[in-house]
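Both ligands and their constituent atoms are indexed starting at 1 by order of listing.
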Amino acid sequence: MTLSAPAPGLSAAEPELRWLAITWVNNAGASLVKTVPLTQLEAAERTGVGFSPVADAFGAAGGIDPAHRLAVPDGDLRLKPDASALTPLDPALGWAWAPGERWLRSGVAYGGDQRHFCRRQQEALWADGLDLRVGFELEWLLAEEAPDPDGAPRAAVAGGPYGADRLVEGLEYATAVLEAIEAADLDWLQFHPEYGASQFELSLAPGTALEAADRLVRARLVIQRVSRRFGWRCSFSPKPSLERVGNGCHLHLSLARAGVPLLQGGNGPAGLTGEGQAVLATLLQELPALMALSCPLAVSYQRLAPGTWSAPFQVWGVENREAALRLIPSEADGAAAHLELKVADAGANPYLLLGAVQLLAREALTSAPALPAPLIGDPAGLPPGTVPRLPTNLTQASAAFAASSVLRQGMGDALHGALLDSQAAEVRRNEALSDREQVLASCWWPLVGGPL
Ligand code: GLU
Ligand code: MG
């Protein structure tokens, strides 16, 4: 591609774009970046820019655990932008953005690359005749630059839960966020003040798995940028403080075969088709393993408390906000049925999570457990043991991930093994800390959102 023709997603009316930020998301869920002049896009596509494989051994606090298999100085990978996904990032400042994937110098795809894994699964799902539509809803806490005396984020904008008063208190901020989101070509469905103090939520429009993951990565950067312009900081931490509800990053998904939706119009419970039931049952069964990807920080498990709509029980339900998998069925209003995965937070690498979800959807086509009955009511009110509790810490989730042969085989040993090392490092980083210390140690996720 040359710059005489505008890049896909860019119009000729945006000639001021000069710099390209190429990001990828590492095993700790952090977006890493190299930038090139936009005039060098073709060269970057051809030869990529260098990135050491050690970057996948970076932990959630930025350190490198020496026990990680990638904690070595050797080797080089080439990060190549996906020009078909290139969009503006901050056009007023001349910045464009593209997601990258890492390749070996030999031109062979790098087996440990997260977006490449997601792409392979997307192509395999299409080859199986299935279409996945997926979108994230992202929550964050908007905080003052100076934290509380104990280091915890201090709420920046007043107003009640879901409060119109909070929208009005922060209307300049809300306007700036939405303007920047649209300037970055991000389609969004809904924005609102969330339940927690100074907490906000943005629901991103659904798309393919790659589109949804790309949107989430870009949206986080845009929200971080706008928050800084106001002198505030945003925390996407799953649990910014012990006293507050957490930040989720729920996933909404629907599936269709040849244009026919699988989560509605069938004879199963709540109108599920046979294939829809199989996908739901497989996701439900594999949830403990999937949580090592969807809730990958030690502090993720502090968010997962009963009664907070973070839904830490291994059940599904129809419109039940305490079920880890919530089916939102189609009704007379005609909206398409979809599933919400609630045990997910913004620490997740969205490419890994969506790659794994697609892998499990394909697995469901060949063999699936029976779907249990949907849960009605609050699982916390039932006698202990009636409803299985999901992992209550990362060690348990990581053990389930280690034992999942479907995830290991689908991801490949290189990626699966490196993730196990990252999970072990995250457990070690936190094991000597009290609950409060754990929350404080991760309250500024991502790292750069916090004070120096
Ligand atoms: N903040 C809740 C969580 O941690 C989610 C609230 C909601 O349902 O949007 O997941
Ligand atoms: Mg919410």
- Query: Looking at the Mg ion (ligand 2), which N/O/S atom of Glu194 is the nearest one?
  - Reply: OE2

- Message: Need the atom name: nearest N/O/S atom of Glu201 to the Mg ion (ligand 2).
- Response: OE1

Show the atoms of ligand 1 that are less than 4.0 angstrom away from any heavy atom in [X].
| X | answer |
| --- | --- |
| Thr308 | 2 (C) |
| Trp309 | 5 (C), 8 (O), 10 (O) |
| Glu201 | 9 (O) |
| His250 | 3 (C), 5 (C), 7 (C), 8 (O), 10 (O) |

- Message: Would Val245 count as being in polar contact with ligand 1, using the rule that some N or O on each side must be under 3.5 angstrom apart?
- Response: no

- Does the N or O separation between Tyr162 and ligand 1 drop below 3.5 Å for any pair? no

- Message: Quick check on the Mg ion (ligand 2): does Glu139 put an N/O/S atom closer than 2.8 Å to it?
- Response: yes

- Message: Between Arg229 and Asp90, does any side-chain N to carboxylate O distance fall below 4.0 Å?
- Response: no

- Item | Flag for Trp188-Glu182: side-chain donor and acceptor within less than 3.5 Å | yes

- Message: Looking only at side-chain N and O atoms, does Asn247 offer a donor or acceptor that is under 3.5 Å from a partner on Glu194?
- Response: no

- The option among Arg303, Lys342, Arg321 carrying the non-hydrogen atom nearest to atom 10 (O) of ligand 1 is Arg303

- Identity and distance of the protein heavy atom lying nearest atom 1 (N) of ligand 1: Glu139 OE1, 2.7 Å

- Ser310 side, atom OG; Lys239 side, atom NZ - distance, nearest 0.5 Å: 8.0 Å

